[in-house]
Amino acid sequence: MLNGALWLDDRGRHINAHGGGILEHRGVFYWYGEHKGPGVNGKLAYDGVRMYASQDLQKWQDCGIVLQVNNTPGHPVCAGCRIERPKVIYCEKSGKFVMYFHSSNLEHRIAKRGLAIADDPAGPFTFISAERPNAGFLPLNAGTVEPGSYLPEHLMRNGEYEELKNSNFYLRDFAGGQMARDMNLFVDSDGKAFHIYASEHNSTLHIAELTDDYLYWSGRYVRVLPDRWNEGEALFTYRNKYYLLASGCTGWRPNAARSAVADSVMGEYTMLGNPCRGAGAEITFGGQSSAVFRAGDTYVAMFDLWNDQNFIDSRYCWLPVKFTGDGFEIHYQEKFEL
Ligand code: DGJ
């Protein structure tokens with residue numbers, strides 16, 4: 001698969017699974033992602049979450065829409081809503097496949113976690129709820145919040161600025177639950193699962209522990225890299241260290257990736273800078289991080305090459321993660337192969 005070229009499925013059609021992630025289950029890789037449509041409005045969900053299956057990460061079988069939108073206006077998964085960054089994990093205890101996604105509307109103001117579950121990786125996934133995480137719980141590392149010192153220029157213009165200037169968002173959202181936009185899931189070696197989401201208007205990531213059935217938050221969560229404006233976040237572990245890969249917040253336009261490391265899953269995380277190396281590293285080779293998954297001994301970083309004029313034509317770039325002892329690097333290569 002050539003990075004940036006059309007990636008064709010078993011029917012010869014460009015794979016349509018953006019902002020996605022991979023679940024490996026019983027020797028099969030399942031790639032779940034946003035089914036995007038044509039044009040600028042193709043960012044909205046008119047189909048749902050699509051899934052492809054593969055045994056070798058090269059040949060992909062189209063398994064269709066596994067979470068379908070409905071025709072009930074105002075419903076969290078109605079046609080024309082936003083379903084972004086779907087991620088699926090398998091819960092050994094319940095035998096269920098659990099999908100989290102960013103549930104929102106055209107205006108992008110809902111900032112909820114959508115939840116859907118299935119008995120089979122191929123679905124169908126049943127929508128359960130759209131909620132904000134951790135209502136009624138304070139972060140474990142609650143402390144003084146500094147007003148937005150890293151506030152990106154473009155956010156000052158989009159109407160959220162008055163709210164953003166006041167900071168203290170997690171206190172404001174204490175009762176109703178924390179904002180959750182870009183998101184990912186992580187299952188540790190002991191089976192504990194964590195939800196990582198861009199919160200507080202995207203200014204700060206949260207890492208939240210999940211209940212044993214993976215369906216809800218336990219109430220234990222931390223604020224991570226406050227005021228650093230990270231999106232497209234992925235969490236993975238290697239040799240007892242926990243790593244974060246993320247993008248900055250510039251909409252669909254590429255920016256420099258960031259990385260961070262911690263000794264335990266809930267941190268404290270230390271920034272490591274841009275892990276990308278090679279021509280185009282300063283804009284993540286034109287992409288935005290979506291997930292990091294493991295295939296045998298190889299860790300693969302998935303990036304979306306967004307086309308914000310014709311979303312269905314957004315492409316992919318998958319690159320191996322190279323661990324360096326105190327961090328990791330991602331070197332550009334033309335082809336994705338293991
Ligand atoms: C960047 C996020 O990473 C995407 O998932 C999407 O929400 C866009 N912003 C919308 O502008």
Side-chain angles (χ1 to χ4, degrees), residues 16-21 31-37 39-50 67 76-77 80-87 99-114 130 132 150-161 164 179-185 195-206 224-225 228-235 244-259 276 283-292 301-317:
N16 197 335
H18 309 275
W31 176 2
Y32 300 87
E34 305 158 20
H35 178 106
K36 294 295 199 198
V40 288
N41 281 330
K43 60 178 175 259
L44 301 173
Y46 287 102
D47 294 87
V49 175
R50 201 170 194 103
L67 173 69
V77 294
C81 71
R82 277 187 197 246
I83 296 177
E84 293 186 349
R85 305 201 170 261
K87 302 290 179 303
M99 178 189 292
Y100 280 29
F101 58 91
H102 172 201
S103 170
S104 196
N105 58 3
L106 174 65
E107 292 75 30
H108 216 38
R109 300 300 295 264
I110 308 276
K112 289 185 175 172
R113 179 258 347 221
R132 285 196 169 181
Y150 292 87
L151 192 59
E153 274 284 316
H154 77 282
L155 289 175
M156 297 188 183
R157 295 190 298 268
N158 78 355
E160 283 183 71
Y161 185 44
L164 294 171
M179 297 176 78
R181 283 185 174 141
D182 280 12
M183 58 182 68
N184 219 317
L185 290 166
H195 181 203
I196 170 164
Y197 51 91
S199 197
E200 306 182 36
H201 291 273
N202 287 353
S203 65
T204 299
L205 296 174
H206 290 183
V224 172
L225 307 173
R228 293 288 183 150
W229 298 90
N230 292 301
E231 290 192 314
E233 63 277 11
L235 176 56
L244 274 173
L245 169 66
S247 71
C249 295
T250 53
W252 304 105
R253 283 167 293 116
N255 52 52
R258 301 92 184 272
S259 58
C276 294
I283 51 159
T284 316
F285 319 116
Q288 184 186 22
S289 46
S290 178
V292 172
M302 301 166 69
F303 299 92
D304 291 289
L305 307 172
W306 296 115
N307 180 339
D308 65 359
Q309 297 306 300
N310 188 20
F311 277 92
I312 198 171
D313 193 34
S314 298
R315 310 283 174 101
Y316 311 98
C317 174

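We count ligands from 1, going down the list as the structure has it; atoms in each ligand are counted the same way. Below, all heavy atoms of this structure are taken into account, side chains as well, without hydrogens, waters or symmetry copies. Keep in mind that this is a model prediction, so the values were computed, not measured.
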Do [X] and [Y] have side-chain atoms, one donor and one acceptor, less than 3.5 Å apart?
| X | Y | answer |
| --- | --- | --- |
| Ser314 | Asp304 | no |
| Asn230 | Arg258 | yes |
| Glu107 | Asn105 | yes |
| Ser247 | Gln288 | yes |

Note to self: His206: which residues meet the ring pair (Phe, Tyr, Trp, His ring centres under 6.0 Å) condition with it, sequence neighbours left out?
What the structure shows: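 Result, ring pair (Phe, Tyr, Trp, His ring centres under 6.0 Å) vs His206: Tyr197, Tyr221.
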Which N or O atoms of ligand 1 sit under 3.5 Å from a protein N or O, and how far apart is each pair?
unit_1: ligand 1; atom_1: 3 (O); unit_2: Arg85; atom_2: NE; d: 3.4
unit_1: ligand 1; atom_1: 3 (O); unit_2: Arg85; atom_2: NH2; d: 2.9
unit_1: ligand 1; atom_1: 3 (O); unit_2: Asp182; atom_2: OD1; d: 3.4
unit_1: ligand 1; atom_1: 3 (O); unit_2: Asp182; atom_2: OD2; d: 2.4
unit_1: ligand 1; atom_1: 3 (O); unit_2: Glu231; atom_2: OE1; d: 3.4
unit_1: ligand 1; atom_1: 3 (O); unit_2: Gln288; atom_2: OE1; d: 3.4
unit_1: ligand 1; atom_1: 3 (O); unit_2: Gln288; atom_2: NE2; d: 2.8
unit_1: ligand 1; atom_1: 5 (O); unit_2: Glu84; atom_2: OE1; d: 3.3
unit_1: ligand 1; atom_1: 5 (O); unit_2: Arg85; atom_2: NE; d: 2.9
unit_1: ligand 1; atom_1: 5 (O); unit_2: Arg85; atom_2: NH2; d: 3.4
unit_1: ligand 1; atom_1: 5 (O); unit_2: Asp182; atom_2: OD1; d: 3.1
unit_1: ligand 1; atom_1: 7 (O); unit_2: Glu84; atom_2: OE1; d: 2.6
unit_1: ligand 1; atom_1: 7 (O); unit_2: His108; atom_2: NE2; d: 3.4
unit_1: ligand 1; atom_1: 9 (N); unit_2: Gly251; atom_2: O; d: 3.4

Notebook entry, point to check: With under 30° as parallel and over 60° as perpendicular, where do the rings of His18 and Tyr316 fit, or are they tilted in between?
Noted result: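 Correct class here is parallel.
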